[in-house]
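Please read the structure below before turning to the comments.
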Amino acid sequence: MSPAAIKSEPEEDNGFYPSPHHKNSKREYDDEEFEFKPKKVKTEHDKKAKKRKHEYEEDEEDEDIKPKKKTKDKKVTEGKKAKKEEEEKWKWWEEERYTDGSKWRFLEHKGPVFAPPYEPLPGNVKFYYDGKPMKLSALAEEVATFFAKMLDHEYTTKDIFRKNFFKDWRKEMTSEEKSKITDLNKCNFSEMNEYFKAQSEARKQMSKEEKQKIKEENERLLQEYGFCIMDNHKERIGNFRIEPPGLFRGRGDHPKMGMLKRRIRPEDIIINCSKDSKHPKPPPGTKWKEVRHDNKVTWLASWTENIQGSIKYIMLNPSSRIKGEKDWQKYETARRLKKCVDRIRNQYRDDWKSKEMRIRQRAVALYFIDKLALRAGNEKEEGETADTVGCCSLRVEHIKLYPKMDDQEYVVEFDFLGKDSIRYYNKIPVEKRVFKNLQLFLENKQPEDDLFDRLNTSILNKHLQELMDGLTAKVFRTYNASITLQQQLKELTSDDSIPAKILSYNRANRAVAILCNHQRAPPKTFEKSMQNLQTKIDEKQNQLSAARKQLKAAKADHKASHDEKSKKAVEVKRKAVQRIEEQLMKLQVQATDREENKQIALGTSKLNYLDPRISVAWYLFNTAESVVLPISSDFTIEKLN
DNA sequence: TTTGCGACTTGGCTCCAACGGG
DNA sequence: CCCGTTGGAGCCAAGTCGCAAA
């Protein structure tokens, strides 16, 4: 199923929580909550924060503002643990940053890990052409296996995929093979396909010891290649493994799907490290494309990928100083935007009346970016990628204007494919001036013409830069996502139980995901797991009524006998009922949460858009006994035990 | 002004280890 | 302790944005 098909028309307001771009719920732009100065607030997301509550309390006094740390506490052996902990305590956010544009002074690493070499198929696994078995050359066979592995996927049936694959496959064939194999439809990969299925099955069936061995080998590789030294600190590398060869898929309707993503060799790799470091060694008998020493960039190695001709990088893990600083900066920019967003909004409203078309277009586009959290929308080369758009690249065919719709006036309907070919569909009433402007922009245009023909991202960002230092289109997404979370948390959180609070948090998070249009395909197991949960709830309900009956009986018993023993029995039964009630409530909350989350992906906003300080502040307000927080008093501190 | 490139962030999906309920 | 469920790391594609050459 194509991503576009997965997304259904957006639901009407479900009544549970206001959608940020719903007609009646305007975001409160002028509140001051986002302003808190959390000198003592930790910034990991609340979930993690909850797990590690005690840890926070321990070192409360010397904590400072700190951007989210995405470090995972990996299980390490005892010996390494001490060192690791020491490393984790490094408070880079308390240190000076480079001001000269350099990213580091010293960088040493061991280079990337290459994909394992191709292992030829055993002799009994055959490829058939036109019904007859045919032995392929190693190169041709390798590429054939890529296709064979995908046989179950729908896209091996797609014309473009097959055409691209076949073309690239033929390039890897010997001239003899090339003259023989001329029609993909006559190729039979099924034996190969079955072989790989059996292989993966065998992998699943491996003994504990074998699995352990693999795990240890991975760990060894991680220890050797997964870290680097940057400026006196050992830092985790994000992706130290080179991407293995395979068939390019791409997302959505990609014109290059099926093309061969070729194997990367040491000769393709540019190494970046400091001059005075121990340079990584290429595998025996090979050499690097280049070794350079550029401390104005953060990457350790790079290569040019053959599908789009773009550069791929090996960079550090999000837990690293270099990523963390950037992340922190991003949220600081969003906070600065908060301070002047009113001015900017007034400005673009004024600009709707401008004499100049380009200024009106700029102002309307900015309004969409601000109100709907649309992406900037760079132009893309036609035929190179799937046809997707963002704000500046919207075309006439992507919007429809309705002067009147139901009880609303000036409604704009958006329907287009955005990043990753995820469909954006929204109907939204706009101000009359915006509507009139849109009508003007549409005049004398064809469906495939640009809506904003006098605008592109470069013009827009230049303008934004003039309005505020460091302001670009994407800052609006960050800002509006974070402030939406904050407002929704304030609005939704009740004095309820912890499960209810978690539901509130997830709902606030969902409001953000909806704003940013972060969708997912409903998990394949969704219906089933929902059913299972419902079964559990039903069972729990039965349990509850049984427990209640028993309680009643115990009470009657006690009334009759009035002895200590029966009194105790009543207490026991009462406790049991209470426990089951809690369990039931928890299950029901879980079911609600899951159902609401069916098509919504929370991960991206959590990871990239929500200032972790908001989550931590919320968490502290909702759990802390008596922590005095230097934040606004909107969250009431309460006892929970 | 346009185009292309380089560096970096953001994105959905997959898979598997770890978790927790029975 | 078993086993189904799930969270999240890992993967790698696809964006954004600045800059410099054409």
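Residue numbers start from 1 in every chain, and the chains themselves are labelled A, B, ... in the order their sequence lines are given, proteins ahead of strands.
- For A:E142 and A:R263, the salt-bridge test passes: some basic side-chain N is under 4.0 Å from an acidic carboxylate O.
- Between the base of B:dT10 and the side chain of A:K474 there is no donor-acceptor pair shorter than 3.5 Å.
- Taking the ring centroids of A:Y609 and A:H518, they lie under the 6.0 Å cut-off.
- In this structure, A:K330 reaches the B:dT10 phosphate: one of its side-chain N or O atoms is under 4.0 Å from OP1 or OP2.
- Between A:N239 and A:Q590, the residue whose closest nucleotide on DNA chain C is further toward the 5' end is A:Q590.
- If you find the closest nucleotide of DNA chain C to A:T457 and to A:G250, the one lying nearer the 5' end belongs to A:G250.
- Between the side chain of A:R251 and the base of C:dA14, no donor-acceptor pair of N or O atoms lies under 3.5 Å.
- Nucleotides of DNA chain B nearest to A:E539 and A:A601 differ in position, and the one nearer the 5' end is that of A:A601.
- Among the protein residues, A:F248 comes within range of the sugar-phosphate backbone only, with heavy atoms under 4.0 Å from sugar or phosphate atoms but none that close to a base.
- Remark: A:K261 is in phosphate contact with C:dA13, judged by side-chain N or O atoms under 4.0 Å from OP1 or OP2.
- The residue among A:S458 and A:R375 whose nearest nucleotide of DNA chain B lies closer to the 5′ end is A:S458.
- Note on A:G377: only backbone sugar-phosphate atoms sit closer than 4.0 angstrom, heavy atoms only; bases stay farther off.
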